[in-house]
Amino acid sequence: RVQLVQSGGGSVQAGGSLRLACALSGDDASRYHMAWFRQAPGKEREWVAGIWVVGSWRSVGNTYYADSVKGRFTISQDNSQDTVYLQMNSLKPEDTAMYYCAADRFRYTDWRQFSYWGQGTQVTVSS
């Protein structure tokens with residue numbers, strides 16, 4: 001199993017940028033598929049971006065995005081594969097939500113199927 005600890009987030013004006021980080025620890029952390037989700041008040045949790053394992057390692061060549069963030073958000077990881085990032089540029093008020101990182105041995109896009117979660121971090125974008 002793995003443990004996920006999030007950092008980053010905060011408040012920014014529309015058009016600004018923020019970066020979220022998700023630090024993984026545990027056995028074979030690099031072999032877990034990772035994703036970012038978000039949940040706005042009164043709305044269902046939604047998938048934002050994912051970085052998937054290819055072979056034995058998570059690969060930055062296998063990243064996918066929700067249409068709503070494509071071209072503005074980038075998911076990446078550090079060389080040790082211990083930390084996964086979500087760089088968020090050109091932020092809009094509708095990006096305001098609690099953001100969560102998630103991990104699983106299997107590749108999902110439905111949040112209900114992910115086994116491990118970060119604690120969540122708030123992102124607020126003002127107009």
Side-chain angles (χ1 to χ4, degrees):
R1 58 184 296 135
V2 293
Q3 294 79 45
L4 284 64
V5 177
Q6 294 181 226
S7 60
S11 298
V12 67
Q13 289 190 325
S17 298
L18 288 171
R19 188 174 80 160
L20 307 181
C22 179
L24 295 86
S25 60
D27 295 337
D28 295 330
S30 63
R31 297 190 180 197
Y32 282 74
H33 301 286
M34 294 291 300
W36 287 95
F37 290 85
R38 65 186 181 187
Q39 187 166 18
K43 295 188 177 181
E44 188 170 349
R45 191 169 297 189
E46 65 174 357
W47 182 74
V48 174
I51 179 169
W52 307 131
V53 172
V54 177
S56 299
W57 313 102
R58 271 194 308 280
S59 170
V60 294
N62 281 270
T63 55
Y64 300 89
Y65 301 90
D67 288 342
S68 59
V69 306
K70 199 172 295 182
R72 300 187 298 121
F73 290 13
T74 303
I75 187 170
S76 64
Q77 62 185 356
D78 64 3
N79 289 337
S80 65
Q81 303 202 3
D82 289 340
T83 304
V84 174
Y85 302 97
L86 185 68
Q87 177 67 42
M88 305 182 292
N89 298 329
S90 302
L91 282 161
K92 304 175 181 180
E94 51 263 44
D95 294 317
T96 295
M98 185 71 77
Y99 283 71
Y100 299 89
C101 61
D104 204 280
R105 286 283 199 178
F106 297 96
R107 178 175 165 175
Y108 300 122
T109 56
D110 185 335
W111 67 269
R112 299 170 187 84
Q113 295 174 297
F114 276 81
S115 299
Y116 305 103
W117 289 87
Q119 78 276 20
T121 185
Q122 180 67 36
V123 170
T124 302
V125 184
S126 58
S127 56

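- By the 4.5 Å heavy-atom criterion applied to side chains, D78 and T83 are counted as neighbours.
- Remark: the backbone N or O of V53 is paired with a side-chain donor or acceptor of H33 at under 3.5 angstrom.
- Classification of K92 and D95 as a salt-bridged pair fails, no side-chain N sitting under 4.0 Å from a carboxylate O.
- Here the shortest heavy-atom pairing between I51 and V84 reads CG2-CG1, 4.3 Å.
- If you take OG on S68 and CD on E94, they are separated by 9.0 Å, rounding to the nearest 0.5 Å.
- Between Y32 and Y116, the ring planes lie perpendicular to each other; the angle is over 60°, past the 30° to 60° tilted range.
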Report task. Would you please test L18 and V123 for side-chain contact (heavy atoms from CB on, under 4.5 Å) and show each step? Result -> CA-CA 8 Å; L18 288 171; V123 170; 3.8 Å; yes
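- In this structure, a donor-acceptor pair under 3.5 Å is present between the side chains of N89 and Q87.
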Report task. With side-chain contact (heavy atoms from CB on, under 4.5 Å) as the test, would you mind laying out the steps for W117 and W111 before giving the verdict? Result -> CA-CA 10 Å; W117 289 87; W111 67 269; 3.7 Å; yes
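- Judged by distance alone, with hydrogens and angles left aside, the side-chain atoms of D104 form a donor-acceptor pair with the main-chain N or O of S115 at under 3.5 Å.
- Taking the six-membered ring for Trp and thresholds of 30 and 60 degrees, Y108 and F106 have ring planes inclined between 30 and 60 degrees apart.
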Report task. Take L91 and F73 through the side-chain contact (heavy atoms from CB on, under 4.5 Å) test and state the conclusion after the steps. Result -> CA-CA 9 Å; L91 282 161; F73 290 13; 3.8 Å; yes
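- F37 and M98 fall within the same hydrophobic cluster, defined by Ile, Leu, Val, Met, Phe, Trp and Tyr side-chain heavy atoms under 4.5 Å apart, directly or through other members.
- Cluster membership for Y64 and F114, using ILVMFWY side-chain heavy atoms within less than 4.5 angstrom, is shared.
- The closest side-chain heavy-atom distance from Y99 to Q39 is not below 4.5 Å.
- Residue C101 comes nearest to L4 through the heavy atom pair SG-CD2, 3.5 Å, listed as atom of the first residue, atom of the second, then distance.
- The minimum heavy-atom distance between C22 and M34, with the atom names listed, is SG-CE, 3.8 Å.
- Taking the centre and axis of the six-membered ring of Y100, the NZ or CZ atom of R45 falls inside the cone set by 45° and 6.0 Å.
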Query raised in the report: Would T96 and V125 count as a side-chain contact (heavy atoms from CB on, under 4.5 Å) if you check the C-alpha gap in whole Å, the side-chain angles of each, and the deciding distance to 0.1 Å?
Result: CA-CA 5 Å; T96 295; V125 184; 3.8 Å; yes
Query raised in the report: Does the salt bridge (charged side-chain N to carboxylate O under 4.0 Å, His left out) test come out yes or no for R38 and E44, once each step is laid out?
Result: CA-CA 9 Å; R38 65 186 181 187; E44 188 170 349; over 6 Å; no
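- No side-chain donor-acceptor contact under 3.5 Å links T121 and Q6.
- Y65 and I75 get closest at one heavy-atom pair: OH-N, 2.9 Å.
- What you find for S90 and S17 is that their closest heavy atoms are N-OG, 4.3 Å.
- No side-chain heavy atom of D27 sits under 4.5 Å from any side-chain heavy atom of V2.
- Around the CZ atom of R107, the shell of radius 6.0 Å holds more than 12 heavy atoms that belong to other residues, nucleotides or ligands.
- For the pair D28 (side chain) and R31 (backbone), a donor-acceptor distance under 3.5 Å is absent.
- Under the 4.5 Å side-chain contact rule for hydrophobic residues, M88 and W47 do not share a cluster.
- The same ILVMFWY cluster, assembled from side-chain heavy atoms under 4.5 Å apart, contains both V12 and V48.
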